[in-house]
Amino acid sequence: MDENDAGGMLSPDRIFSALRRRLIIVIALPLLALIAATVYVRSLPNRYDAFAVVQIDPRKKSISNMDLVISELKADGATIESEAEIINSRAITLKVIDLLGLRNDPEFQPQPTLPEQLFAMAAGAPAAEPAPEPAPTSGSVNSDPIKGYIGPDRLGETRPGRDLVAIAFTERLSVLRVRSTLLIEIRFSSADPVKAAKIANTVAEVYLAEQLTTKQEVSAHASKLLEQKLEGMKAQLSERERRVAAYKARNNIFESEGQILGEKHLARLMEQTVNARNATAQARAKYELAERLANGSGNAAGIADVLQSHTVTVLKDQLAKATGREAELATRYGDKHPEMLKVRAEVNEARSQLATEIGRLVANVKNELTVAEERERELVQALDALKSEDTASKEASVELNDLVRDAETSRALYEALLSRYKQTVETQGLQLPDARIVEQADAPLAPAAPKRKQIVLIATAGGGVFGILIALMFEFLTFGIGRPEDVERVFELAHLASLPASAATDAEGTDQMRAARLMIAEPSSSFAEAIRALRREVDVRRTDDSPRTILVTSSLPNDGGSIVASNLAHHYAMTGARVLLIDGDIRRANLTRKLAVGRRLGLGEILTRSATIDDAMLYEASTGLHFLPASGPAPSKVSPAELLASLDMAKLAATLRNEFDVLVVDAPPLLPVLDGRILADQADQIVFVMAWRRTPKQLARKALATLGFNQRKLVGIVVNHVDDAIIADAIGLPRTTVSMRPGLGGVHLERAA
C-alpha cells in the first residue's frame with residue numbers, strides 16, 4: 001500500500017487531529033497498561049543481587065619458579081573470558097551447592113509452571129508442592145557430582161539426568177568481565193540478601209581453591225612423570241658411560257685432564273715447532289742483515305742498531321770523536337806534525353777495535369742461527385714421528401668421539417631433568433593462585449529486582465504508544481480519502497465541499513425525502529453550508545453565463561451522488577434560478593424513489609416517445625424546482641444506454657437547456673454501467689462524489705479515467721459522509737455534533753404547467 005492508498009499525507013497537524021478525535025483510545029490504553037503493570041509488579045517477589053569481585057593476577061610469583069611446569073595466566077581478553085566461564089562452570093556450581101547445603105533450600109527447588117498451576121486451580125486441587133531433590137551421596141553409583149543425577153532407563157542401564165538444583169543455581173549466577181579490566185564480577189541473585197552475599201563469596205573462594213588444587217595436581221602429576229623418566233634416563237646414561245670406558249681400555253687410550261694424552265702431546269709439540277720456526281726465521285734475518293752491513297759499507301751505526309750492542313755504540317762514539325779531532329788539527333798543522341800523527345794513531349785504533357767487536361758480534365749471531373736451525377730440525381723430526389703414531393689411532397678416536405658425544409648428551413639431559421624434578425618436588429606445596437578477591441560481597445540493602453517503577457513506566461509508555469498507533473492506524477490505514485484536503489494531492493482535482501455525515505445519515509435513516517431536501521429541512525445546518533460552498537465552487541468555474549448542465553456522478557453506488565444532486569438543485573431553485581433536476585439513472589431510479597415514489601412517467605418514457613416532457617415533469621411550488629423522474633415502474637424494452645445515447649436524448653437536452661438556467665443531472669455510477677459516461681457527453685460541468693473512507697481511491701481514479709475526453713469538464717470532487725470532527729478540525733472550530741432541528745416533513749410535487 002503506497003502513501004496515496006494509506007489515508008493521505010503524514011503531517012503534524014494531521015497526527016494531532018487524529019489523536020484529538022480518538023482521545024479516549026489514547027488515554028484508555030495507557031491507563032489499562034498502568035493498572036495491569038501495577039497489579040503484576042505487586043505480585044513479583046523481591047530479588048537481591050550481591051556481587052564479589054575477583055582480579056586475575058598475571059604477575060610472576062617469587063616464592064617459586066614453576067614457569068616450566070605450569071605457566072602463569074596471561075593478561076589477554078581470551079584468558080579473562082575463559083576464567084569467567086570456569087567460575088560459571090558446573091564443577092564450581094556443584095561444589096558450592098554441596099558446601100552450603102543448597103539442595104534442601106526451597107528457593108532452589110523446581111516450582112510448578114503457570115499452566116500446571118492453572119490446571120490445578122481448574123481441577124479444584126491445590127498446586128502440588130515440588131518434592132525436594134535428594135542430595136547425592138558420596139560414592140553412590142547412581143550419582144555424579146559433576147555430571148548431575150543419573151537413573152536407570154528401560155534397559156536397566158544408567159543415563160545422564162538433569163540436576164534441577166544446579167540449573168536453578170546457574171540461572172541466578174552471573175559471572176561477567178568488568179569492561180576491559182582484569183576484574184571479574186561474580187553476581188548472585190536471591191530472595192534473601194544475606195544468602196546472596198554468602199553464595200557470591202563462596203563462589204569466589206571455591207574458585208581460588210580450585211585454582212590451587214589444579215596447580216597442585218598438575219605439579220604432582222609432573223613430578224610423577226619426571227620420576228619415571230629419570231629412572232629410564234639414569235640406566236641409559238650408565239650404559240653409555242660403560243661403553244666409553246670399555247672402548248678406551250681396548251684401544252689403549254689414556255686421558256689427562258679430560259683430554260686424550262696422545263692428542264695433548266701432539267698439540268704441545270706442534271706449538272713448540274711453530275715457535276722454533278719463528279725463532280729460526282728471526283735469527284736468519286738478523287744474521288743476513290748484519291753480514292750484509294759488515295761486508296758492505298761498514299756502516300757501524302747500522303750494525304749497532306741491528307746487533308743492539310752497547311759496546312759498538314761506545315766504540316762508534318770514540319771513533320767519531322777521534323775523527324773530529326783529526327779534522328780539527330789538520331787545519332792548523334801539517335801531516336808530519338806530532339799531534340797529527342798521534343790523532344791518526346787514535347783513529348786507526350778506534351777503527352780496529354770497532355771492526356774486531358763487529359766481527360765478534362756477527363759470529364755470535366751466526367751461532368744463534370745455527371742453534372735455532374738445529375732446534376727446529378729436532379722438533380720437526382719428533383713431530384713427524386708423533387704424527388705417524390697418531391694416524392694409526394685416528395679410526396679408534398672417531399668411534400670414541402661418537403661414544404663420548406652420546407654419553408655427554410645423555411648426561412646433560414639427565415642433569416637438567418633431575419634439576420627440574422628436585423625443583424618440582426621441593427616447591428609442590430608452595431603454589432599461589434593466579435587470582436585474588438578484591439571485594440567481598442556485602443548483603444544488599446535494597447532489592448535489585450523487580451524494577452517496579454521501570455516496569456510500570458515502560459508498560460504505561462508502551463500502552464500510550466500502542467494507543468497512539470491504533471489512533472493513527474484508524475486515521476491513515478484506510479483505502480478511501482482520510483481527510484478532504486487530500487483530494488487535491490491524490491487526484492489533482494479541486495476539493496469542492498465536504499458534506500457532514502451526521503445530518504445525511506440521520507435523515508436517510510428516517511425519511512428518504514428529507515435526506516434529498518436537507519437544504520429545505522435544515523437551511524442553517526453544516527450540511528446546508530457545505531451545499532452552498534459547493535454551488536459557489538461550481539459557479540466560479542463556469543466558462544460563461546449561458547444555460548448549463550451540471551452532471552453529478554460517482555464511482556460506485558451508495559456514495560451519495562443523488563443526495564448531492566438533489567440538494568444542489570434545491571439550492572439553485574431557492575435562489576430564483578430556473579432549475580431542472582433530472583434523475584438520469586433509468587436503471588435504478590434512486591432519486592425518483594426519494595422524491596416521487598409513485599410516479600409512472602419519466603425520462604425513459606420520453607426517450608421511448610411514450611410520453612411528453614409536460615407529462616413527465618413535476619414542479620415544486622414551494623421552491624420553484626422542476627424535477628424529471630427517471631422512468632415509470634414498467635421496465636423498458638430498450639437498453640438504457642441506447643436510450644441515453646440516442647438522437648432523441650440530444651434533442652431533449654437542447655430543448656431543456658433553452659427552457660432552464662441550470663440542469664442538474666443525477667447520473668448513474670461510472671464503473672458499474674455505461675450510462676453515466678454517455679450523459680457526460682451532454683454535460684457542461686461534472687461534479688464527482690466520493691464517500692469518506694469508503695470509496696477506494698484506486699476505483700475513484702479508474703472511474704475518472706472512464707470519462708475520457710470529458711475529464712476536462714470535471715469541476716472537482718465532493719467528499720460525502722465526512723466525520724463532523726474532521727470538518728471541525730479542517731475549519732479550526734471546536735469539535736461539535738450537527739443537531740437536527742424539525743423542518744419540512746415533506747413536499748408536494750405536481751405536474752409542471
Side-chain angles (χ1 to χ4, degrees), residues 516 547-566 568-569 579-596 599-618 626-660 662-689 699 702-715 752:
R548 54 189 165 136
T549 300
I550 302 174
L551 182 72
V552 180
T553 186
S554 62
S555 57
L556 298 172
N558 301 322
D559 282 349
S562 299
I563 301 297
V564 174
S566 175
L568 179 62
V579 181
L580 174 61
L581 175 61
I582 302 174
D583 186 358
D585 191 354
I586 300 177
R587 301 174 189 268
R588 297 187 307 141
N590 186 33
L591 190 56
T592 300
R593 290 196 304 271
K594 288 180 172 63
L595 297 178
R599 188 62 180 167
R600 296 185 176 278
L601 298 176
L603 178 61
E605 285 72 21
I606 295 175
L607 295 178
T608 58
R609 300 181 182 180
S610 58
T612 62
I613 297 176
D614 294 336
D615 294 334
M617 188 178 301
L618 300 177
H626 292 77
F627 176 59
L628 180 58
S631 63
S636 175
K637 297 181 181 180
V638 184
S639 171
E642 295 179 0
L643 293 176
L644 296 176
S646 65
L647 184 59
D648 292 336
M649 181 62 192
K651 293 179 180 179
L652 177 62
T655 300
L656 295 176
R657 187 188 296 269
N658 292 330
E659 295 182 7
F660 295 94
V662 179
L663 302 178
V664 179
V665 181
D666 176 25
L670 295 175
L671 291 180
V673 294
L674 188 62
D675 303 359
R677 286 170 262 174
I678 296 174
L679 290 173
D681 295 338
Q682 306 296 333
D684 297 304
Q685 293 178 300
I686 300 176
V687 176
F688 189 78
V689 180
L699 293 182
K702 186 176 181 180
L704 294 173
T706 59
L707 293 174
F709 68 91
N710 289 321
Q711 291 188 48
R712 57 186 175 81
K713 301 177 182 179
L714 282 166
V715 179

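When a residue number appears, it is its place in the shown sequence, counting from 1. What you see below is based on every heavy atom in this structure, not just the backbone, and it leaves out hydrogens, waters and symmetry mates.
Using a 4.5 Å heavy-atom cutoff, the side chains of Ile582 and Leu656 are in contact. No side-chain heavy atom of Phe660 sits under 4.5 Å from any side-chain heavy atom of Thr655. For the pair Arg588/Pro669, a side-chain contact is recorded, criterion being any heavy-atom separation below 4.5 Å from C-beta on. In this structure, the side chains of Ile686 and Thr553 come closer than 4.5 Å at one or more pairs of heavy atoms. With a 4.5 Å cut-off on side-chain heavy atoms, Ser566 and Leu581 count as touching. The shortest distance between side-chain heavy atoms of Arg677 and Asn710 does not fall below 4.5 Å. Asp583 is not listed as a side-chain neighbour of Leu603, based on a closest heavy-atom distance of 4.5 Å or more.
When all heavy atoms are compared, the tightest approach of Arg548 to Arg657 is CA-NH1, 3.8 Å. Heavy-atom minimum distance, Gly676 versus Leu670: C-CD2, 3.8 Å. The heavy-atom pair separating Ala630 from Asp585 by the smallest distance is CB-O, 3.4 Å. The heavy-atom pair separating Ile586 from Pro640 by the smallest distance is CB-CB, 4.2 Å. Between Lys713 and Asp684, the closest heavy-atom pair is CB-O, 3.9 Å. Across every non-hydrogen atom of Asp666 and Ser562, the tightest pair is OD2-OG, 2.6 Å.
With sequence neighbours excluded, the residues that form a side-chain contact (heavy atoms from CB on, under 4.5 Å) with Pro629 are Thr592, Arg599, Leu618, Phe627. In this view, Ala653 and Gln682 satisfy the side-chain contact (heavy atoms from CB on, under 4.5 Å) rule, not counting sequence neighbours.
Remark: the backbone N or O of Val689 is not paired with any side-chain donor or acceptor of Ser554 at under 3.5 angstrom.
A distance of 6.5 Å separates CG in Leu671 from NZ in Lys702, rounded to the nearest 0.5 Å. In this structure, Leu679 CG and Leu644 CG are separated by 4.5 Å, a value rounded to the nearest 0.5 Å. To the nearest 0.5 Å, atom CD1 of residue Ile606 and atom CG of residue Leu643 are 11.5 Å apart. One distance of note links CE of Met617 with OG1 of Thr612; it measures 9.5 Å at 0.5 Å rounding. From Ile613, atom CD1 reaches atom CD of Glu605 across 13.5 Å, with rounding to the nearest 0.5 Å. Gln685 CD to Leu714 CG: the interatomic distance, rounded to the nearest 0.5 Å, is 10.5 Å.
Put simply, the residue from Asp648, Leu647, Val638 that forms a side-chain contact (heavy atoms from CB on, under 4.5 Å) with Leu607 is Asp648.
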